[in-house]
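One structure below.
Protein chains get the first letters and strands the later ones, always in sequence-line order, with residue 1 at the start of each.
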2 protein chains.
Amino acid sequence: MLSGGKFMATITFIGAGQMASALTFPAFENGHEVRLVGTPLDRDIIDGLRRDNFHITLKRTLHNGIHYYQVEEMRDAIDGADAILGGVSSFGVDWFAEEVLPNIPQNVPLISVTKGMIDQEDGSMQTYPEFWESTEAGSKLNINAIGGPCTSYELADKDDSAVTFCGRDIETLRYLKGLFTTDYYHVSLSTDVVGVECAVALKNAYALGVSLAVGLAEKREGIGVLHYNSQAALFGQGVREMRKLLNLVGGGDDNIVLGAGDLYVTVFGGRTRKIGTLLGQGLSFEDAMAELAGVTLESIVIATRTARAVKKLVTAGKVNAADFPLLLHVDAIINGGEPVNIPWKAFETETVL
Amino acid sequence: MLSGGKFMATITFIGAGQMASALTFPAFENGHEVRLVGTPLDRDIIDGLRRDNFHITLKRTLHNGIHYYQVEEMRDAIDGADAILGGVSSFGVDWFAEEVLPNIPQNVPLISVTKGMIDQEDGSMQTYPEFWESTEAGSKLNINAIGGPCTSYELADKDDSAVTFCGRDIETLRYLKGLFTTDYYHVSLSTDVVGVECAVALKNAYALGVSLAVGLAEKREGIGVLHYNSQAALFGQGVREMRKLLNLVGGGDDNIVLGAGDLYVTVFGGRTRKIGTLLGQGLSFEDAMAELAGVTLESIVIATRTARAVKKLVTAGKVNAADFPLLLHVDAIINGGEPVNIPWKAFETETVL
């Protein structure tokens with residue numbers, strides 16, 4: 001549809017969480033019709049938005065003119081859409097497969113902000129786009145995803161944000177970029193779906209790892225005392241292990257650019273830093289989780305899944321456990337009840353040309 | 001020399017600045033005889049240390065038992081040494097070549113903490129170890145260097161720190177590691193001198209680049225307001241450009257682990273962050289430097305040299321300027337008087353497998 005000389009598309013957002021809702025800013029400002037559909041968990045969010053456009057968890061007022069839908073109205077919201085944005089969390093991936101994918105017309109591209117991977121029985125890792133493509137409804141769809149360092153609050157505040165849209169078809173990606181890119185939302189494109197999704201999923205586990213140093217320094221010297229040598233050492237080790245994992249899943253090496261950027265933003269990004277800091281201070285995993293009661297911690301899910309995959313590959317003789325000391329220590333802390341005891345000496349390397 | 005069953009070596013530190021002085025902690029605690037020699041610029045530091053072991057710029061009390069020397073006493077300090085640690089800044093590299101190298105016996109290994117590179121007429125980059133090896137006195141010596149994310153204050157405070165010792169001979173590196181490694185000072189080894197030194201030198205330019213985002217956010221929303229999306233976007237772009245520069249100088253790709261870790265610590269490391277923040281707030285380079293009067297800014301030197309080398313290579317048709325938009329923008333700000341205007345769209349990429 002043309003409106004005032006400018007192409008206007010209709011974009012339906014499914015999931016009204018913080019990230020999807022933040023993405024309504026660039027979409028609406030580009031002149032598109034924006035339809036925001038809540039999941040069954042977003043009922044209060046949609047009620048609030050209908051009242052006064054204020055998003056109760058993003059804590060920002062969305063643009064006036066966005067259309068809001070409860071989950072029962074999803075089909076109406078999808079009707080006539082030019083593109084669908086999927087905005088559920090890792091915990092809504094199955095719901096999205098069962099309740100949303102069958103409602104999406106085959107000619108309408110889907111782009112998802114959900115970050116994460118699923119570990120398989122054989123130790124291989126599956127991206128969410130791959131998982132959705134493996135379902136009957138998803139197999140007929142054009143499924144794309146968004147990776148890269150971008151937190152919702154800062155996007156809503158128009159802080160310059162650089163992301164990567166990934167998918168199988170570069171023309172689709174260019175179309176989707178055209179819908180969303182603005183002077184503060186910067187979009188790279190990549191058909192290396194596994195590489196992009198792996199890089200941005202893994203960083204969760206390593207952000208928790210880096211945050212352990214924040215808590216360790218506070219345990220030693222008092223709350224609020226910051227040291228960066230130890231954080232940087234863990235950051236570097238995280239980059240090293242992420243490069244090895246990227247190689248393992250067949251993702252391009254240049255995706256470490258995304259992994260490192262996303263690791264950076266996540267280390268400063270609230271919940272993951274908080275749990276890592278509490279663990280570093282000496283709290284048990286149970287006590288740390290209790291302090292964060294009620295918040296969803298995708299980093300825990302991702303760290304657990306990645307470690308499980310790596311451990312299976314170690315058992316199968318396909319990878320060396322010594323290549324992943326930080327990941328395995330994070331796993332031992334959150335899933336094995338072990339105290340924090342960073343294996344510093346295991347990070348030391350010897351390179352002889 | 002054996003002392004209480006433990007091997008004790010004699011290590012002579014030349015340069016009593018913050019980094020070299022911080023390294024006296026692990027060396028002394030390992031039971032070595034430590035001799036700390038000031039440069040002509042360190043006269044007050046040595047006077048202070050002789051009085052009460054308090055280091056006036058590191059602001060820490062060194063171990064009682066370290067021997068202090070003024071520059072005139074350098075030969076006495078070198079006499080009988082098992083290893084020399086070179087601790088001058090980038091600005092002391094020539095002095096070190098002329099006044100120190102001729103005094104070092106050929107069989108005594110040297111390890112330097114000076115970070116940086118020198119750009120040549122043809123656009124190639126030379127590491128400091130290579131520069132020293134190119135002098136007559138240096139050509140006969142076994143010259144090694146320390147890279148990696150480690151700030152002096154935090155090392156002095158025993159925050160866990162991971163560094164890499166690099167040099168041509170792995171046996172020498174293992175010997176030097178034995179002298180310095182402790183339960184908080186973690187040492188990797190590499191014979192890829194160019195890769196290690198390049199990675200840790202480049203990060204200075206990019207740390208300044210990332211810090212621009214700190215100032216831009218403050219300019220927009222007020223002093224103290226922090227946003228991380230834009231920092232992370234610049235961090236990722238810095239990693240991307242550093243990987244390309246590493247490739248250009250023939251350094252191993254895995255050195256990006258050091259580059260990323262060192263970039264992380266430097267973004268939070270005081271002077272470089274301060275100048276980047278002031279520039280991002282809108283100050284001219286001259287005004288920003290005036291606010292930091294009297295401090296040495298190696299990041300400015302490194303950014304200038306690296307950009308100069310890259311520009312020569314662009315002119316020679318050997319590299320593409322479009323691959324280094326952040327470096328060239330930082331250079332334009334500090335050497336061309338240009339205002340901060342991050343070339344965000346130049347960072348966007350398209351990857352088609």
Answer with side chain, backbone, both or neither: which region of I170(B) has an atom nearer than 4.5 Å to a non-hydrogen atom of chain A? side chain

Nearest 0.5 Å, what's the CG-CG distance between N30(B) and L179(B)? 8.0 Å

Less than 4.5 Å to any heavy atom of chain A: does that hold for the side chain of F235(B), its backbone, both, or neither? side chain

Tell me which of these, K345(A), Q237(A), E221(A), has more heavy-atom pairs under 4.5 Å with chain B than the rest. K345(A)

Using non-hydrogen atoms and a 4.5 Å limit, figure out which bit of D253(A) sits close to chain B: side chain, backbone, both or neither. both

Contact winner vs chain B - V267(A), V265(A), V239(A), heavy-atom pairs under 4.5 Å: V265(A)

Which atoms of V210(A) come close to chain B, meaning under 4.5 Å heavy atom to heavy atom: side chain ones, backbone ones, both, or neither? side chain

Chain B contact via R220(A) - which portion, at a heavy-atom distance below 4.5 Å: side chain

With only heavy atoms counted, which part of R174(B) is less than 4.5 Å from chain A, the side chain, the backbone, both or neither? side chain

Is V196(B) in contact with chain A via its backbone, its side chain, both, or neither, using a 4.5 Å heavy-atom distance? neither

Non-hydrogen atoms of chain A under 4.5 Å away: do they reach the side chain of R243(B), the backbone, both or neither? side chain

Please identify, among P149(A), S188(A), G252(A), G238(A), the residue contributing the most non-hydrogen atom pairs under 4.5 Å to chain B. S188(A)

Let me confirm one number: the CD-OH distance from E154(B) to Y228(A), rounded to the nearest 0.5 Å. 8.5 Å

Name the region of F347(A), side chain, backbone, both or neither, that has any atom closer than 4.5 Å to a heavy atom of chain B. backbone

Who among D183(A), V257(A), I256(A) has the most heavy-atom pairs with chain B under 4.5 Å? V257(A)

Determine the interplanar angle of the F268(A) and Y264(B) rings, folded into 0 to 90°, and report it as parallel if under 30°, tilted if 30 to 60°, perpendicular if over 60°. parallel

Using 30° and 60° as the class boundaries, would you call the ring planes of F165(B) and F180(B) parallel, tilted or perpendicular? perpendicular

For side chain to side chain donor-acceptor pair (under 3.5 Å), just list the numbers for Q18(A) and S21(A), CA-CA rounded to whole Å, side-chain angles, deciding distance to a tenth of an Å, and then say yes or no. CA-CA 5 Å; Q18(A) 295 169 26; S21(A) 301; over 6 Å; no

Is it the side chain or the backbone of L226(B) that comes within 4.5 Å of chain A heavy atoms, both, or neither? backbone

